[in-house]
There are 2 protein chains.
Amino acid sequence: MKKFLNSPDDLVHDSIAGLVMAHEDLLALNDAPLFVCRRVPKQGRVALVSGGGSGHEPLHTGYVGVGMLDAACPGQVFTAPTPDQIVAAAQRVEAGQGVLMIVKNYGGDCASFQVASDMLEMDCATVLVNDDVAVEHSTHTTGRRGVAGTLVVEKMVGAAAEAGANLYECKALGVRVNTNTASMGIALGSCTVPEEAAPTFDIGPGEMEVGVGIHGEPGRYRRPLMPADDIVALLLDPILKDLSLAADRPVLLHVNGFGGTPLGELHLLNRIATQRLRNQGLNVKRWLVGNHTTSLEMAGASLTVTALDDELISLWDAPVTTPSLRW
Amino acid sequence: MKKFLNSPDDLVHDSIAGLVMAHEDLLALNDAPLFVCRRVPKQGRVALVSGGGSGHEPLHTGYVGVGMLDAACPGQVFTAPTPDQIVAAAQRVEAGQGVLMIVKNYGGDCASFQVASDMLEMDCATVLVNDDVAVEHSTHTTGRRGVAGTLVVEKMVGAAAEAGANLYECKALGVRVNTNTASMGIALGSCTVPEEAAPTFDIGPGEMEVGVGIHGEPGRYRRPLMPADDIVALLLDPILKDLSLAADRPVLLHVNGFGGTPLGELHLLNRIATQRLRNQGLNVKRWLVGNHTTSLEMAGASLTVTALDDELISLWDAPVTTPSLRW
């Protein structure tokens with residue numbers, strides 16, 4: 001295992017401290033329990049709190065800022081945050097209108113956020129994200145996994161909260177965005193968790209894992225490596241089957257890298273996926289291409305499609321100022 | 001070799017087309033000869049043209065936009081663009097005040113930009129970037145290599161050009177930023193060029209290449225893998241020796257990933273490097289952390305330090321709207 005680190009025990013804390021140093025104008029660090037929040041708190045608005053295992057950066061800590069999250073709680077690598085992190089973060093950012101928790105559907109995350117909600121004496125609601133169409137149940141979940149579509153939920157609900165939507169409206173919006181979002185990923189290579197000596201999974205030199213999860217969990221099947229055109233079809237067809245969209249529906253296409261795939265290859269996938277969606281009669285109106293929801297240094301990518309309407313387009317387009325999403 | 005591609009021959013074109021699709025509000029594509037330029041041309045200002053081998057994305061194509069480059073010419077992977085690309089790009093974006101070419105110091109790039117300048121019937125000037133302090137001469141260069149500091153030159157000169165600086169002023173500024181910038185990198189793993197079957201270089205499971213170039217060129221020496229604290233010292237000490245800064249000098253620290261290193265590890269390096277610079281009496285005032293000047297999927301990172309003054313700080317802070325740098 002070759003990584004830039006001093007000790008696996010300090011990695012998450014020191015990395016988060018380095019993130020906050022680089023964005024001292026935007027972010028504040030709480031050392032113990034560990035969380036990141038906005039430097040300048042929002043007032044009189046619903047506060048959004050998210051979190052999850054580390055190793056998926058920039059998700060979630062890189063999306064704290066104006067127009068998106070109020071706080072993010074990083075767990076150890078691929079491990080849920082603890083309830084005390086979530087409780088402390090919620091208490092810090094609550095601004096009189098309650099707290100919405102945005103949670104990826106994994107057993108550990110659901111349990112921690114549930115315990116935290118029960119402990120908090122404030123209005124709380126939760127949006128569970130489960131956009132991954134690859135498998136119905138996985139090694140870490142009951143039901144579908146939450147993957148790269150989480151960013152889309154965080155962005156759109158963040159814009160609504162900033163504009164003054166109440167807790168009920170924010171939750172309903174988050175559920176709607178999640179319902180309108182579907183994702184699927186593919187891995188060409190594994191990642192290695194810093195605490196472990198060996199890669200998370202073995203994959204042969206000519207193989208790919210179709211439908212892989214963001215912790216390297218198994219997907220639908222192994223296949224010999226295919227050309228990019230065929231890979232895009234393997235990913236998009238189940239996504240479109242799941243969403244079942246009418247012709248000419250406007251959509252957002254998010255091409256996400258898992259950390260070890262060059263940006264140039266992601267843009268190549270974007271071209272192929274955009275053309276395929278257009279050929280199927282859909283109206284691709286917005287794009288996001290890059291390494292946003294990663295799995296350490298895993299080689300691979302996922303495609304996410306969100307069905308849009310005028311409201312969702314304007315929430316997506318609303319200004320956002322975070323370390324890793326900014327317009 | 002496992003990559004997302006249809007054919008190595010189409011990779012660069014199709015990838016650039018995918019970039020422009022995702023940023024149709026900002027960018028325009030010229031198919032043949034291949035270049036990317038702003039969708040809305042600048043008027044009555046010096047135009048900035050850069051380019052170089054592909055495989056370093058987002059450099060340079062991801063930095064075309066308001067406040068930075070006017071056009072970028074991508075060559076094949078790790079191969080200089082041809083003079084006809086540069087000539088066509090310069091003719092397209094020249095806006096009455098001449099063209100400044102920002103060129104990384106590699107033999108092929110220097111030759112192509114020189115030939116293009118000779119062919120162009122317009123005011124042209126060139127800034128050569130050679131910020132890499134690792135080696136005096138490399139397999140691809142006479143003199144020092146141009147690496148991640150190129151982005152700093154492009155950002156600051158881009159801001160000056162946007163504000164109306166003339167060609168002479170833009171060139172002088174670019175030379176000054178380059179002189180005030182020093183970088184050094186380290187590789188933990190190699191990359192594989194799509195046209196080649198094998199990795200660019202071999203590196204053992206417990207080794208690192210100190211001073212590596214962004215094409216995988218040899219650096220200063222091989223060492224057994226060290227803790228991150230020691231790696232930062234190995235990189236920063238030659239940088240600071242080169243810059244020889246007075247105490248309390250304000251600096252920009254750019255922690256750059258080579259493509260295969262997770263963002264969390266880059267933030268860890270940022271924390272260590274920031275503290276080390278502060279311990280040495282320097283005033284770290286600005287940061288940029290991320291995969292900006294990559295070497296395909298190479299595992300590794302570089303540190304860049306730019307000595308600042310009030311003018312350079314305000315040029316760095318000036319608004320920028322490009323696919324991969326935006327504030």
Side-chain angles (χ1 to χ4, degrees), chain A residues 2-7 10-12 14-19 21-24 54-55 57-58 62 77 188-189 191 205-208 225 227-229 231 253 255 259-272 274 284 287-291 294 296-297 299 301 321 323-324 326-327, chain B residues 2-7 10-12 14-19 21-24 54-55 57-58 62 77 188-189 191 205-208 225 227-229 231 253 255 259-272 274 284 287-291 294 296-297 299 301 321 323-324 326-327:
Chain A
K2 285 159 89 175
K3 292 183 184 288
F4 293 113
L5 54 79
N6 289 319
S7 136
D10 305 332
L11 172 62
V12 170
D14 290 358
S15 168
I16 295 293
L19 164 75
M21 271 181 178
H23 298 280
E24 57 180 13
S54 291
E57 289 72 29
V77 174
L188 306 186
C191 53
E207 281 183 326
M208 58 187 194
L225 185 63
D229 280 343
I231 288 174
L253 170 62
V255 180
T261 287
L263 186 57
E265 292 178 40
L266 300 180
H267 280 128
L268 176 81
L269 293 176
N270 181 55
R271 177 173 193 256
I272 299 167
T274 299
V284 188
W287 290 263
L288 182 69
V289 182
N291 288 288
T294 64
L296 298 166
E297 69 285 354
T321 306
S324 291
R326 195 184 277 248
W327 56 67
Chain B
K2 286 160 89 174
K3 290 182 185 290
F4 292 113
L5 54 78
N6 288 319
S7 137
D10 304 333
L11 171 62
V12 170
D14 290 358
S15 168
I16 296 294
L19 165 74
M21 269 180 179
H23 298 280
E24 56 180 14
S54 292
E57 289 73 28
V77 174
L188 306 186
C191 53
E207 283 184 324
M208 57 187 193
L225 185 63
D229 280 343
I231 288 175
L253 171 61
V255 180
T261 287
L263 185 58
E265 292 178 41
L266 301 180
H267 281 127
L268 176 81
L269 293 176
N270 180 55
R271 178 172 192 258
I272 300 167
T274 298
V284 188
W287 290 263
L288 182 69
V289 181
N291 288 288
T294 63
L296 298 167
E297 70 284 354
T321 305
S324 291
R326 195 185 276 247
W327 56 67

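Numbered from 1 within each chain, the chains take letters A, B, ... in sequence-line order.
- For a residue to count as touching a neighbouring chain, one of its non-hydrogen atoms must lie under 4.5 Å from one of that chain's; by this rule B:Pro205 touches chain A with the backbone only.
- Of the residues considered (A:Lys3, A:Met208, A:Arg326, A:Lys2), A:Lys2 shows the highest number of contacts with chain B, using heavy-atom pairs under 4.5 Å.
- Across A:Asn291 and A:Pro58, no two heavy atoms sit closer than the pair O-CD, 3.3 Å.
- Contacts with chain B were tallied for A:Ile16, A:Asp10, A:Leu19, A:Asn270; A:Leu19 has the most, counting heavy-atom pairs under 4.5 Å.
- Both the backbone and the side chain of B:Ala22 come within less than 4.5 Å of a heavy atom in chain A.
- Contact count versus chain A (heavy atoms, under 4.5 Å) is highest, among B:Ser15, B:Ala301, B:Pro262, for B:Ser15.
- The candidate with the highest count of non-hydrogen atom pairs below 4.5 Å against chain A, out of B:Leu253, B:Val77, B:Leu296, B:Val289, is B:Leu296.
- When all heavy atoms of B:Arg271 and A:Gly18 are compared, the pair lying nearest together is CB-CA, 3.7 Å.
- How far CZ of A:Phe4 is from CG of A:Leu11: 12.5 Å, rounded to the nearest 0.5 Å.
- For a residue to count as touching a neighbouring chain, one of its non-hydrogen atoms must lie under 4.5 Å from one of that chain's; by this rule B:Leu269 touches chain A with the side chain only.
- Contact annotation for A:Leu5: both backbone and side-chain heavy atoms come within less than 4.5 Å of a heavy atom of chain B.
- Put simply, OG1 on A:Thr321 and CH2 on B:Trp327 are 13.0 Å apart, with the number rounded to the nearest 0.5 Å.
- The part of B:Ile231 that comes within reach of chain A is its side chain, from C-beta onward, which places non-hydrogen atoms under 4.5 angstrom from that chain.
- The contact between B:Thr274 and chain A is made entirely by side chain atoms (from C-beta outward), counting heavy-atom distances below 4.5 Å.
- Partners of B:Glu57 by side-chain contact (heavy atoms from CB on, under 4.5 Å), not counting sequence neighbours, listed by chain and number: A:Leu263, B:Ser54, B:Thr61.
- A search for side-chain contact (heavy atoms from CB on, under 4.5 Å) contacts involving B:Asp229 returns A:Asn6, B:Ile272, not counting sequence neighbours.
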